[in-house]
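Heads up: the structure comes next, in structure tokens.
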Amino acid sequence: MPQPLVIGNWKMNGSLSLTSDILRAIESGIDDKIKCEVGVCVPYVYIAQAHSTIACDSRITVGAQTVSEYKSGAYTGEVSADMLAEINCHWVLVGHSERRVLFNEKDTALVLKVLAAQRAGLVPVYCVGETEADYKAGNTFQTIENQISALLDNKAVDLKQIVLAYEPVWAIGTGLTATPDEAQKVHDFIRQLIKKQNKEAAIKVRILYGGSVKPDSAESLFAQKDIDGGLIGGASLDVEAFLSICQKA
Ligand code: PGA
């Protein structure tokens with residue numbers, strides 16, 4: 001059983017003061033009752049500050065929310081994986097549905113981002129999930145298979161150094177969540193797809209659930225066999241709620 005993992009995704013929220021306030025509060029709230037690994041993906045500009053706020057031996061690891069697929073050069077506005085590694089970034093979200101939908105990021109580029117992240121020593125958190133239309137049309141599994149296949153078809157991807165996140169798009173920020181049973185079925189499906197490529201990786205890989213996870217819903221979701229933790233948006237900015245979710249993992 002891999003160690004459970006809970007990652008907060010702050011999205012485009014925060015400020016200098018909020019970053020230090022929240023991280024100090026989370027750090028002092030992590031006690032023996034919290035057994036999971038804890039990550040926070042903050043906006044780029046707060047990554048260095050996040051590190052200087054937490055202790056060197058902190059149980060919190062810091063991540064970014066996206067990364068460039070390019071190594072360096074004339075890509076105005078982009079941030080490379082090497083740059084993130086240099087400031088001790090640990091995680092990087094890749095293919096969050098807001099990146100896919102609002103910024104038109106496609107599987108081909110997303111797989112290049114995964115490779116760039118892994119080459120720099122970062123751990124990519126590759127996000128997949130179906131839209132409401134796909135869900136209503138019964139196309140959940142097909143959509144997930146298409147998104148995961150892009151990753152599995154590229155043999156350069158190291159499946160042992162990646163985290164997967166299943167986030168139904170219709171559940172993100174809406175207050176709706178997949179039922180534990182629905183989520184478990186998709187997580188199991190993802191693990192089986194990975195297993196076809198690499199049995200060892202399928203056992204090791206952590207598959208997080210995301211989409212309106214709150215303290216109330218966390219326990220039954222995390223109790224599912226193939227749900228190894230959560231990717232938490234809104235509730236990650238509420239210290240008490242985030243710590244309570246971590247405790248349930
Ligand atoms: P949410 O966001 O918890 O606010 O639904 C999850 C995410 O977007 O990662």
Side-chain angles (χ1 to χ4, degrees), residues 4-14 18-19 22 26 36-44 46-47 50 60-67 89-105 110 113-114 117 122-132 134-135 140 143-144 147-148 162-180 182-183 186-187 190 205-222 224 227-249:
L5 167 65
V6 173
I7 298 182
N9 171 16
W10 288 13
K11 311 195 180 192
M12 200 175 73
N13 292 298
L18 188 131
T19 300
I22 291 196
I26 294 176
C36 67
E37 208 178 335
V38 181
V40 284
C41 290
V42 303
Y44 284 144
Y46 302 129
I47 294 173
I60 304 173
T61 39
V62 182
Q65 300 170 12
T66 182
V67 64
C89 192
H90 184 77
W91 316 100
V92 62
L93 306 183
V94 176
H96 186 280
S97 70
E98 284 148 22
R99 303 294 317 169
R100 290 177 187 266
V101 176
L102 304 173
F103 300 96
N104 211 23
E105 292 189 357
L110 295 174
K113 286 172 192 271
V114 165
L122 308 173
V123 181
V125 180
Y126 188 75
C127 307
V128 296
E130 81 285 5
T131 61
E132 188 178 13
D134 287 329
Y135 176 69
T140 298
T143 308
I144 301 302
Q147 292 169 341
I148 297 272
I162 197 166
V163 171
L164 270 294
Y166 167 54
E167 299 200 298
V169 179
W170 49 269
I172 296 178
T174 57
L176 304 169
T177 36
T179 64
E182 277 175 323
V186 178
H187 281 235
I190 293 172
V205 73
R206 288 179 287 190
I207 309 174
L208 312 182
Y209 173 80
S212 297
V213 177
K214 301 282 181 287
D216 289 351
S217 54
E219 193 159 354
S220 51
L221 285 162
F222 298 163
Q224 302 301 311
I227 301 183
D228 305 306
L231 182 55
I232 316 299
S236 70
L237 292 159
D238 174 336
V239 175
E240 214 180 297
F242 186 64
L243 288 169
S244 158
I245 291 169
C246 291
Q247 222 182 79
K248 290 178 170 140

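Counting convention: from 1, in listed order, for ligands and their atoms alike.
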Would you mind reporting whether [Y] and [X] have side-chain heavy atoms less than 4.5 Å apart?
| X | Y | value |
| --- | --- | --- |
| E98 | I172 | yes |
| V6 | V38 | no |
| V239 | I22 | yes |
| T177 | Y209 | yes |
| T19 | W10 | yes |
| I245 | P215 | yes |

If the cut-off is 4.0 Å to any non-hydrogen atom of [X], which atoms of ligand 1 fall inside it?
| X | answer |
| --- | --- |
| H96 | 7 (C), 8 (O), 9 (O) |
| K11 | 2 (O), 7 (C), 8 (O) |
| G173 | 1 (P), 4 (O), 5 (O) |
| S212 | 1 (P), 3 (O), 5 (O) |
| A171 | 5 (O) |

Side chain, backbone, both or neither: the part of N9 lying under 4.0 Å from ligand 1 by heavy atom: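 Side chain only.
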Heavy-atom gap G211 to ligand 1 smaller than 4.0 Å: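 Per 4.0 Å heavy-atom rule, G211 contacts ligand 1.
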Contact with ligand 1 for S97, non-hydrogen, under 4.0 angstrom: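 Judged by the 4.0 Å heavy-atom criterion, S97 does not count as contacting ligand 1.
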Donor + acceptor pair across side chains of Q65, H96 (<3.5 Å):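 Absent: no donor and acceptor within the cut-off.
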Considering only the protein, which heavy-atom contact is closest to [atom], and what is its distance?
| atom | answer |
| --- | --- |
| atom 3 (O) of ligand 1 | G233 N, 2.9 Å |
| atom 7 (C) of ligand 1 | E167 OE2, 3.1 Å |
| atom 4 (O) of ligand 1 | G234 N, 2.8 Å |

Heavy-atom pair with the smallest gap, counting every atom of C41 and W91: SG-CB, 4.2 Å
